[in-house]
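On a predicted model such as this, the values are computed, not experimentally measured, just so you know. We use all heavy atoms of the structure for the numbers below, so side chains are in, but hydrogens, waters and symmetry mates are not. First listed ligand is number 1; within each ligand, the first listed atom is number 1.
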Amino acid sequence: MSDRLFIFDTTLRDGEQVPGCQLNTVEKIQVAKQLELLGVDVIEAGFPISSPGDFNSVIEISKAVTWPTICALTRAVQKDIDVAAEALKYAKHKRIHTGIGTSDEHIKYKFNSNREEIIERAVAAVKYARKYVDDVEFYAEDAGRTDNEYLARVVEAVIKAGATVVNIPDTTGYCLPSEYGEKIKYLMEHVDGIHNAIISTHCHNDLGMATANTMAGVLNGARQVEVTINGIGERAGNTSLEELAMILKCHKHIGIDTNINTQKIYPTSRMVSSLMNMPVQPNKAIVGRNAFAHSSGIHQDGVLKNVQTYEIIDPHDVGIDDNSIVLTARSGRAALKNRLHILGVNLDQEKLDKVYEDFLKLADKKKDINDDDILVLAGADRTQNHRIKLDYLQVTSGVGVHSVASLGLDISGEKFEACASGNGPVDAAIKALKKIINRQMTLKEFTIQAISKGSDDMGKVHMQVEYDNRIYYGFGANTDIIAASVEAYIDCINKFKLD
Ligand code: KIV
Ligand code: ZN
């Protein structure tokens, strides 16, 4: 019989920590419900003490989700645990995830403490959390760089104190797969009472080894893995859920099963990428645009003769369907609603009508409307309540002439206009914008990406603007890339914290 591996998804906590990836509560609920459909066992919904937004999201996700355990992160601090317990009060199955750094670097520089005191604090936190919930997970932060003998003492102590799951994070993404596997093996063999808890992996991808390390952990006895959709997370990210799930599906001989419905992988990946405005790299395993695209003549020839020559995964198994480009100007509301449903987005009638209206406008400009376009449209009302909106934009540009832009803004119902010339159409448009919004702000990063192919395609623009010593992230999507750029800049400005 196969062993069961528990999937702990931290897209909404470690993933959401990534600058620019923040979601509002409604979007987090949408992702959480999709994770439930995907079949994850645990959803880490946030770090409640970190902000009122996180606290509220944990409450609302707890109400919205039925089967998965809802988990809230804390430091090994009583106040954090009190707040997490309060945020989890509506969860049908709840877990508190508490912990402390255990590497010498953390003990010395972060806590100015010593090994014995850290064990005492860890034990106290677990005991305190157990007063609120039966399911307590302990994380030994920077376990990857913690020596195995000391780590075993920590793990033994927290299990005795009542931890039901013990997380061994490779916080800095430092370990080699052989080292990480050895670490888990060492714990399995040296910790008294290890079978009273589940050992969990939590690997970061700083050296590109997160998935390999996680697999090494699983092969040596870990029975929970902490993962994110598309591998997003702090710095270079976390182990990606889709890679882990498909490794175990492709290598059935390992004898480890998960509860993941792999056909929901692709729609979930698209949803997370679209809501977080975080593009997936084209060559990303499993969910990248090129993951199943055979380009060399030899490969194409082989695949045409028999797909098994070069394909180890059937794209349908991860939910990629060949009919994804089906909507045109002649498609009705029902077709749009159905496509959105397949993508995991369920809208009420009013919202659907609005998205349909935008869909028809886009279909006038663009022949085929693909899934990414639809997801962008479905997320477009994020800008609806914005104070500053683009009213109109006109740009003339060309080779050998200066670009000139005239632009109109609607600021809380009042109309403003400006005109500017610049070194290219985007420069001219942004200079005009800055004439109206006269603040000390600097464009720090600017990326333009076409969604699929074709000169009529939607362009997505991601921007970072510095204002008052802070970086703001903005997003715009439009078939006109100059308009998308201005929208992205305005999106940043709308987020400025103005005192
Ligand atoms: O990487 C890490 O150590 C973490 C812990 C908070 C679990 O994210
Ligand atoms: Zn982490």
Side-chain angles (χ1 to χ4, degrees), residues 6-19 21 40-51 54 58 69-77 80-81 83-84 87 95-107 109-111 118 121-122 125-126 129 135-146 150-151 154-155 158 163-175 179-180 183-184 187 197-211 213-214 217 222 224-241 243-244 276:
F6 295 100
I7 302 291
F8 175 116
D9 183 278
T10 184
T11 304
L12 294 174
R13 201 278 299 167
D14 216 320
E16 214 249 350
Q17 264 166 235
V18 176
C21 282
V40 309
D41 299 288
V42 186
I43 296 175
E44 187 160 52
F47 181 13
I49 196 135
S50 68
S51 71
D54 250 38
V58 175
T69 295
I70 303 301
C71 179
L73 185 77
T74 81
R75 294 165 297 181
V77 171
D80 284 29
I81 296 170
V83 174
R95 177 182 297 176
I96 290 177
H97 189 189
T98 190
I100 196 163
T102 54
S103 65
D104 288 336
E105 289 83 349
H106 279 229
I107 295 174
Y109 302 117
K110 202 168 144 182
F111 301 111
I118 290 295
R121 285 167 72 172
V126 170
D135 191 1
V136 172
E137 173 167 341
F138 175 81
Y139 64 87
E141 195 178 8
D142 205 14
R145 292 189 299 168
T146 303
Y150 175 62
L151 186 61
V154 175
V155 173
V158 295
T164 45
V165 181
V166 184
N167 179 11
I168 310 298
D170 184 19
T171 305
T172 59
Y174 171 77
C175 288
E179 280 168 350
Y180 191 76
K183 193 173 279 293
I184 301 296
L187 297 175
I198 291 172
I199 295 298
S200 182
T201 65
H202 178 113
C203 298
H204 280 270
N205 205 29
D206 300 66
L207 293 171
M209 294 190 288
T211 301
N213 282 345
T214 299
Q224 176 181 282
V225 290
E226 304 195 2
V227 290
T228 60
I229 302 297
N230 301 334
I232 60 164
E234 280 281 315
R235 307 179 310 279
N238 291 62
T239 304
S240 86
L241 182 149
E243 290 172 16
L244 228 286
M276 290 190 165

Visitor: Is the closest side-chain donor-acceptor distance between Glu141 and Thr171 under 3.5 Å?
Guide: no
Visitor: Closer than 4.0 Å to some heavy atom of His202 - which atoms of ligand 1 meet that?
Guide: 1 (O), 2 (C), 4 (C), 7 (C), 8 (O)
Visitor: What atoms of ligand 1 come closer than 4.0 angstrom to any heavy atom of Pro169?
Guide: 2 (C), 3 (O)
Visitor: Would His97 count as being in polar contact with ligand 1, using the rule that some N or O on each side must be under 3.5 angstrom apart?
Guide: no
Visitor: Roughly how far, to the nearest 0.5 Å, is CD of Gln224 from OG of Ser200?
Guide: 3.5 Å
Visitor: Using a distance threshold of 2.8 Å, state whether an N, O or S atom of Asp14 lies below it from the Zn ion (ligand 2).
Guide: yes
Visitor: Do you know which two heavy atoms are closest between Phe47 and Thr74, and how far apart they sit?
Guide: CE1-CA, 4.0 Å
Visitor: Pull out every atom of ligand 1 sitting under 4.0 Å from any heavy atom of Glu141, numbered as shown with elements.
Guide: 3 (O)
Visitor: Can a non-hydrogen atom of Arg13 be found less than 4.0 Å from any atom of ligand 1?
Guide: yes
Visitor: Please examine the side chains of Ile118 and Tyr150, heavy atoms only from C-beta on, and report whether any two atoms are closer than 4.5 Å.
Guide: yes
Visitor: Could you say whether the N/O atoms of Glu226 and ligand 1 ever approach to under 3.5 Å?
Guide: no
Visitor: List ligand 1 atoms under 4.0 Å from His204, heavy atoms only on the residue side.
Guide: 1 (O)
Visitor: Applying the side-chain hydrogen bond (donor to acceptor under 3.5 Å, both in side chains) criterion to His97, which one of Asp135, Asn167, Thr10 satisfies it?
Guide: Asn167
Visitor: Are any of the N or O atoms of Asp14 closer than 3.5 Å to those of ligand 1?
Guide: yes
Visitor: Give yes if a backbone or side-chain nitrogen or oxygen of Asn167 is under 3.5 Å from a nitrogen or oxygen of ligand 1, and no if not.
Guide: no
Visitor: For side chain to side chain contact (heavy atoms under 4.5 Å, CB included), just list the numbers for Thr214 and Glu243, CA-CA rounded to whole Å, side-chain angles, deciding distance to a tenth of an Å, and then say yes or no.
Guide: CA-CA 10 Å; Thr214 299; Glu243 290 172 16; over 6 Å; no
Visitor: Decide yes or no on side chain to side chain contact (heavy atoms under 4.5 Å, CB included) for Thr201 and Tyr180, but give the supporting numbers first.
Guide: CA-CA 9 Å; Thr201 65; Tyr180 191 76; 3.5 Å; yes
Visitor: In the protein, what heavy atom is nearest to atom 3 (O) of ligand 1, and what distance, to one decimal place, separates them?
Guide: Thr171 OG1, 2.7 Å
Visitor: For the OH atom on Tyr174, are there more than 12 heavy atoms of other groups (residues, nucleotides or ligands in this structure) within a distance under 6.0 Å?
Guide: no
